[in-house]
Amino acid sequence: MLLPYPCPADPASSTAVPWDSFFEPWIAPMAACPQDPEHHAEGDVWTHTKMVCEALVGLPGWQALAPADREVVFASALLHDIAKPACTRVEDGRIRQPGHSPRGALMVRAMLWKMGVDPVVRERIAALVRTHQIPFFLIDQDDARRRAAQISQTVRCDHLALLTRADALGRICRDPQRLLDNIDLFVDFCAEHECLDHPWTFPSAHTRFVYFRSDDRDPRFAVHDDTRCEVVLMSGLPGSGKDHWIEHNLDLPVVSLDALREELDLSHTGPQHAVIQAAREQAREHLRRSQSFVWNATNLSREMRGRLIDLCADYGARVRIVFLDTPYRRVLRQNREREAQVPLAAIERMLARWEPPDLTEAHQVEWILQGD
């Protein structure tokens, strides 16, 4: 088994979900969390989750998957609404759970990382949790082609459709057929654009980079690559080994936030504005000269990386993100060995915004899987 969540091992003989084997601490908050009766008349989040999982294992499409894929999609169904208790709001007498999909992906990633789940499996599950609502509505969006191209870079859209179909079947709502029809249209749309069971294919990495940064590009036509230098953007939790990797793999000038903190006598936990400003000025000096360089920082969130990528793109730089995916125990050990240790509470806060990079952000993403 890839995961500690038991799903039916042989759907040909039995599709019964062994609910008596589940004792996870996140079950109680889900069972205590109400949902809006218009969309979820079945009741609480855990009731809905069990209905979704049971609907999933009854789908012929799920049963036909390879065993490893069945585990991943089942775990995604089990965890798809894990953030609803934290996101629940009552507004104008209605129960709402805004943002539960992206927040759920963050929660799932941190939880599976600490459990030592294989990083590829972990990210497949987190991506499915993050996108599980998209097939309900994609066909009605003005930017449906861009959205399909984007999500196909991190999830298999046919697996996503299975999860979302189970989500629709595992509820009591006013118009379930509309949801199922939209999922069928999502499948047809992705098949038509050849991104149902593999990522959308671009003519070049630069075409992909420019497409996701502009509103009026046709992704089928190659964009002339006029980049003048390369910026290597490091990404990884404190203690993941970024300094060591740079030393042994690159021979470029380094803009280091840790070095600037030491120079400015600032801690990791205090205000970082002065550090960021100094680093950006160093980066501009390199970019003005079309000098390739390394930006060495944690860069954990897409938003944080995006600010630097915007700067690089403005100067015509090619962007390569190097992400060090380091196991939990190794991060803690290497963080303890640092001269400037990052408090564990700070690392926990970082996990709440940890989004590994994907190919919609940069020309190249190099994922370094490190052992214990």
Inset, instruction - Go through the steps for Thr326 and Gln370 under the test side-chain hydrogen bond (donor to acceptor under 3.5 Å, both in side chains), then give the verdict. - result: CA-CA 5 Å; Thr326 309; Gln370 305 201 95; 2.7 Å; yes
Inset, instruction - Go through the steps to decide whether Thr227 and Asp225 satisfy the test side-chain hydrogen bond (donor to acceptor under 3.5 Å, both in side chains), and finish with yes or no. - result: CA-CA 6 Å; Thr227 53; Asp225 189 344; 2.7 Å; yes
Legend entry - Audit row: Glu348, Lys114, salt bridge (Lys or Arg N to Asp or Glu O under 4.0 Å) steps and yes/no: CA-CA 11 Å; Glu348 288 293 332; Lys114 290 180 178 180; 2.8 Å; yes
Inset, instruction - Quick one: do Leu79 and Trp26 satisfy side-chain contact (heavy atoms from CB on, under 4.5 Å)? Show the steps, please. - result: CA-CA 9 Å; Leu79 300 169; Trp26 37 264; 3.6 Å; yes
Inset, instruction - Apply the test side-chain contact (heavy atoms from CB on, under 4.5 Å) to residues Thr164 and Gln133: give CA-CA distance (whole Å), side-chain angles for both, the deciding distance (0.1 Å), then the verdict. - result: CA-CA 7 Å; Thr164 310; Gln133 294 178 287; over 6 Å; no
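The local environment of CG in Asp310 is crowded, with over 12 non-hydrogen atoms from other residues, nucleotides or ligands closer than 6.0 Å. Under a cut-off of 6.0 angstrom, the local environment of CG in Asp314 is crowded, with over 12 non-hydrogen atoms contributed by other residues, nucleotides or ligands. Remark: Glu281 CD is packed, more than 12 non-hydrogen atoms of other residues, nucleotides or ligands lying under 6.0 Å away. More than 12 heavy atoms of other residues, nucleotides or ligands shown are found within 6.0 angstrom of CD1 on Ile172. Counted within 6.0 Å of CD on Glu285, heavy atoms from surrounding residues, nucleotides or ligands total more than 12; the atom is thus considered enclosed. Within a 6.0 Å sphere centred on CZ of Arg333, heavy atoms belonging to other residues, nucleotides or ligands number more than 12. Remark: Arg288 CZ is packed, more than 12 non-hydrogen atoms of other residues, nucleotides or ligands lying under 6.0 Å away. Within a 6.0 Å radius of NE2 in His198, other residues, nucleotides and ligands contribute more than 12 heavy atoms.
Checked options Val255, Leu311, Leu287; the residue passing with Val231 is Leu287 (criterion: side-chain contact (heavy atoms from CB on, under 4.5 Å)). When each of Gln153, Gln150, Arg302, Arg208 is tested with Thr360 by the rule side chain to side chain donor-acceptor pair (under 3.5 Å), just one qualifies, namely Arg302.
Side-chain atoms of Lys84 do not come within 3.5 Å of backbone N or O of Pro29 as any donor-acceptor pair. Side chain of Gln334 to main chain of Gly239: a donor-acceptor pair is present (N/O by atom type, distance under 3.5 Å, no hydrogens or angles). Here the side chain of Glu361 pairs a donor or acceptor atom with the backbone of Asp358 at under 3.5 angstrom. The main-chain N or O of Thr88 is never found under 3.5 Å from a side-chain atom of Gln97 such that the two would form a donor-acceptor pair.
Closest non-hydrogen pair, Trp295 versus Ala283, comes out as CZ3-CB, 3.9 Å. Here the closest heavy-atom approach between residue Trp62 and residue Val57 is recorded as CE3-CA, 3.5 Å.
Ring centroid separation for the pair His48 and His39 does not come in under the 6.0 Å cut-off.
Here the CG-CG distance, from Asp167 to Leu179, works out to 8.5 Å after rounding to the nearest 0.5 Å. Atoms NE2 and NE2, on His132 and His80 in that order, are 5.0 Å from each other to the nearest 0.5 Å. Here the CD1 atom belonging to Ile139 is positioned 7.5 Å from the CG atom belonging to Asn182, to the nearest 0.5 angstrom. Between the CZ atom of Phe202 and the CZ atom of Phe212 there is a distance of 4.0 Å, given to the nearest 0.5 Å.
One hydrophobic cluster, built from ILVMFWY side chains closer than 4.5 Å, cannot hold both Val121 and Ile368; they sit in different ones.
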